[in-house]
There are 2 protein chains.
Amino acid sequence: MYKISEFSELTGLSKETLRYYEQQQLLEAAFVDDSNNYRYYDDGSYFLAILLQKLRSFGCTIQEMKDVMRDESFTNLEVLLHQKKERQNMEITQKQQTIHEIEEFIRTGQEGET
Amino acid sequence: MYKISEFSELTGLSKETLRYYEQQQLLEAAFVDDSNNYRYYDDGSYFLAILLQKLRSFGCTIQEMKDVMRDESFTNLEVLLHQKKERQNMEITQKQQTIHEIEEFIRTGQEGET
DNA sequence: TTTGACTCTGTGGTGCACCCTATCCTTTAA
DNA sequence: TTAAAGGATAGGGTGCACCACAGAGTCAAA
């Protein structure tokens, strides 16, 4: 069982983020001491925390992660992952388009200058 | 000379955005009627408005555009455009990396499930 | 002249995912 | 025992680029 600071260092999620995730019902402590409200995390919490961190880095929003965490069978997870992959691909295409436009602007923009 | 609504439709920048840009000293009206404070825009304003809109779509921030508009020779412009192109390329690389991580996660994640 | 459309300023709100601060209580090591 | 370290809660702040709204004044067509 880890207290919040230790768990924070373990997972890379800040203490504020951990409390925020709890508030969002995304990740709750494994146990809360009634006498002082201290949060205690365990290895199950760790697994979930790492999952959440990965999902965030994949571009998932808090709401999307809530939807994933809500069903314990994780059936939504794979769907979400494929969506995110698709989204990354779309954004790559958009950025390539933007690059083309910048290049075009550099070329034709020269005329209007001087 | 166009009043703000007409100019807004002409350029695609909302009236609020036009007033905001003026406040930011990014784009001022060509003429302001002292008696009623109405803004009037002309073709020079139009040229600049279109430029700003393009720069925004290239991922430039307000601050960066200010830097461009501050020097009338537009010497910063080309530098900024190349920076933005580079940035788009970097972000594409990052997104490709994310896609790899998602794919990797889908593959190895299967083990942990069930 | 009236009326509806337009303009102005100033101020506050938005979204997202946190971060920070103050204040208070509890634990822990010396 | 004491003092530092660490925990809690509540509420406000952040950044960015706007958007929305209230309240007041102004213009333009019928």
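Worth knowing before you read on, the calculation uses all heavy atoms, side chains too, and leaves out hydrogens, waters and symmetry mates. Chain identifiers are assigned alphabetically (A, B, ...) following the order of the sequence lines, protein sequences preceding nucleic acid strands; residue numbering begins at 1 within each chain.
Checking side-chain atoms of B:Asp71 against main-chain N and O of B:Thr75 turns up a donor-acceptor pair under 3.5 Å. Side-chain atoms of B:Thr11 come within 3.5 Å of backbone N or O of B:Phe7 as a donor-acceptor pair. Using modelled atom types, no side-chain atom of B:Glu9 and backbone atom of B:Glu6 make a donor-acceptor pair closer than 3.5 Å. Within the 3.5 Å criterion, the main-chain N or O of A:Val68 finds no donor-acceptor partner in the side chain of A:Asn76. Side chain of A:Asp42 to main chain of A:Ser45: a donor-acceptor pair is present (N/O by atom type, distance under 3.5 Å, no hydrogens or angles). Looking only at distances, no side-chain donor or acceptor of B:Ser8 sits under 3.5 Å from a matching main-chain atom of B:Ile4. Formation of a donor-acceptor pair under 3.5 Å by the A:Arg56 side chain with backbone atoms of A:Cys60 is found in this model.
Within residues 50-60 of chain B, no residue has any heavy atom closer than 4.0 Å to DNA chain C. For DNA chain D, the residues of residues 34-45 of chain B within the heavy-atom distance limit of 4.0 Å (strictly under) are B:Asn36, B:Tyr38, sorted by number. Proximity of residues 2-14 of chain B to DNA chain D (heavy atom under 4.0 angstrom from any strand atom) is restricted to B:Ser14. A heavy atom lying under 4.0 Å from DNA chain D marks the following residues of residues 18-28 of chain B, by number: B:Tyr20, B:Tyr21.
Looking at B:Lys66 and B:Gln24, their side chains do bring a donor and an acceptor atom within 3.5 Å of each other.
Other residues, nucleotides and ligands contribute at most 12 non-hydrogen atoms within 6.0 Å of the CD atom of B:Glu28.
Interface limits on DNA chain D: the 5'-most and 3'-most nucleotides within less than 4.0 Å of chain A heavy atoms are D:dG6 to D:dT9.
Distance, B:Lys15 NZ to C:dT9 P: 13 Å, rounded to whole Å.
If you run salt bridge (Lys or Arg N to Asp or Glu O under 4.0 Å) between A:Lys85 and each of B:Glu101, B:Glu104, B:Glu103, only B:Glu103 comes through.
Ionic pairing of B:Arg87 and B:Glu91 is present here: one or more N-O contacts between side-chain nitrogen and carboxylate oxygen are shorter than 4.0 angstrom. We find that B:Glu22 and B:Arg19 are not joined by a salt bridge, their nearest charged nitrogen and carboxylate oxygen being 4.0 Å or further apart.
The ring pair (Phe, Tyr, Trp, His ring centres under 6.0 Å) analysis of residues 19-39 of chain A, with sequence neighbours excluded, yields the pairs A:Phe31-A:Tyr40.
A:Met69 and A:Ile50 fall within a single hydrophobic cluster, where Ile, Leu, Val, Met, Phe, Trp and Tyr side chains are chained together by heavy-atom contacts under 4.5 Å.
Considering all non-hydrogen atoms of both residues, A:Ile62 and A:Leu26 come closest at CG2-CD1, 3.9 Å.
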